[in-house]
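Single-structure report; data block below.
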Amino acid sequence: MTTDSPTWVPESCTLPSGQQPLRLAEFDDLFATALLTQQRMSRTELRWRLDPTAEATARDLISREGRCCSFFSFTLAVDTDTLRLDVQVPDAHVDVLDALALRAAAGMTA
């Protein structure tokens, strides 16, 4: 699977295809600037630890993403010194979660 293009974005996503690369760029920017760690909690769940200064950006992004891709479940919580963002998907969309995990890992090493 490649994450260079949004071909892995499921048909159930209602974001117009022309806007999908822009949304991916927003996630990439969040990963590059605020992602501290990534942990695979289960096949269908990721946990990202973010710099707390990214809270407003993260809240805005997951709000908009949840509206166009209703299969996502996002939970954002403030921990002692980080933001904890849990991302869950149903089994049918594990490939989307896998692609996001790859993008996040690439962003942390960039």
Side-chain angles (χ1 to χ4, degrees):
M1 170 190 330
T2 178
T3 60
D4 292 337
S5 69
T7 57
W8 49 269
V9 175
E11 290 182 22
S12 58
C13 178
T14 61
L15 187 67
S17 59
Q19 292 180 20
Q20 291 173 5
L22 299 174
R23 180 67 54 83
L24 289 174
E26 289 183 82
F27 272 102
D28 289 345
D29 185 55
L30 181 67
F31 299 147
T33 61
L35 185 61
L36 304 171
T37 65
Q38 173 175 246
Q39 181 180 6
R40 193 67 179 243
M41 305 303 290
S42 71
R43 183 173 181 273
T44 60
E45 183 178 4
L46 283 174
R47 173 167 290 161
W48 293 324
R49 297 255 180 213
L50 303 170
D51 185 304
T53 62
E55 183 174 2
T57 300
R59 283 191 189 283
D60 176 60
L61 183 56
I62 64 175
S63 173
R64 289 182 289 121
E65 188 64 18
R67 286 193 299 268
C68 67
C69 292
S70 61
F71 57 86
F72 277 120
S73 173
F74 296 103
T75 305
L76 186 64
V78 178
D79 282 345
T80 305
D81 57 351
T82 64
L83 291 176
R84 184 183 71 241
L85 177 54
D86 292 337
V87 185
Q88 294 180 308
V89 297
D91 283 330
H93 294 294
V94 167
D95 57 334
V96 177
L97 196 63
D98 292 342
L100 278 176
L102 288 172
R103 292 185 84 89
M108 284 192 304
T109 61

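Numbers here are sequence positions counted from 1.
What you find for Asp29 and Thr33 is that their closest heavy atoms are O-OG1, 2.7 Å. In terms of heavy-atom proximity, Glu55 sits nearest to Leu83 at CA-CD1, 3.3 Å. Pairing each heavy atom of Ala58 with each of Leu50, the nearest pair is CB-CD1, 4.0 Å.
In this structure, CD1 on Ile62 lies 11.5 Å from OG1 on Thr57, to the nearest 0.5 angstrom. Interatomic distance, Gln19 CD to Cys68 SG, rounded to the nearest 0.5 Å: 9.0 Å. Taken from OG1 in Thr82 to CG in Leu35, the straight-line distance is 10.5 Å, to the nearest 0.5 Å. If you take CG on Leu61 and CZ on Phe74, they are separated by 7.0 Å, rounding to the nearest 0.5 Å. How far CG of Leu100 is from CZ of Phe31: 5.5 Å, rounded to the nearest 0.5 Å.
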| task | Report the C-alpha separation of Phe72 and Val96 in whole Å, then their side-chain angles, then the decisive distance to 0.1 Å, and conclude whether the side-chain contact (heavy atoms from CB on, under 4.5 Å) test is met. | result | CA-CA 10 Å; Phe72 277 120; Val96 177; 3.7 Å; yes
| request: Begin with the C-alpha distance, continue with both residues' side-chain angles, and end with the deciding distance and a verdict on side-chain contact (heavy atoms from CB on, under 4.5 Å) for Arg64 and Glu26. | output: CA-CA 11 Å; Arg64 289 182 289 121; Glu26 289 183 82; 2.5 Å; yes
| said: Checking Arg59 against Ser63 for the side chain to side chain donor-acceptor pair (under 3.5 Å) test, could you report, in this order, the C-alpha distance in whole Å, the side-chain angles of both residues, the deciding distance, and whether it holds? | reply: CA-CA 6 Å; Arg59 283 191 189 283; Ser63 173; over 6 Å; no
| field | Test salt bridge (Lys or Arg N to Asp or Glu O under 4.0 Å) applied to Asp98 and Arg40, step by step | value | CA-CA 10 Å; Asp98 292 342; Arg40 193 67 179 243; 2.8 Å; yes
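The shortest distance between side-chain heavy atoms of Trp48 and Leu30 does not fall below 4.5 Å. The shortest distance between side-chain heavy atoms of Arg103 and Phe27 does not fall below 4.5 Å.
The cluster map of Ile, Leu, Val, Met, Phe, Trp and Tyr, joined by side-chain heavy atoms under 4.5 Å apart, puts Val78 and Leu36 in different clusters.
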N/O donor-acceptor pairs under 3.5 Å from side chains in residues 84-94, not counting sequence neighbours:
unit_1, atom_1, unit_2, atom_2, d
Arg84, NH1, Asp79, OD1, 2.7
Arg84, NH1, Asp79, OD2, 3.3
Asp86, OD1, Arg47, NE, 2.7
Asp86, OD2, Arg47, NH2, 3.1
Gln88, NE2, Glu45, OE1, 3.2
Asp91, OD1, Arg43, NH1, 3.0

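None of Gln38, Gln39, Met41 except one satisfies the side-chain contact (heavy atoms from CB on, under 4.5 Å) rule with Leu46; the exception is Gln38.
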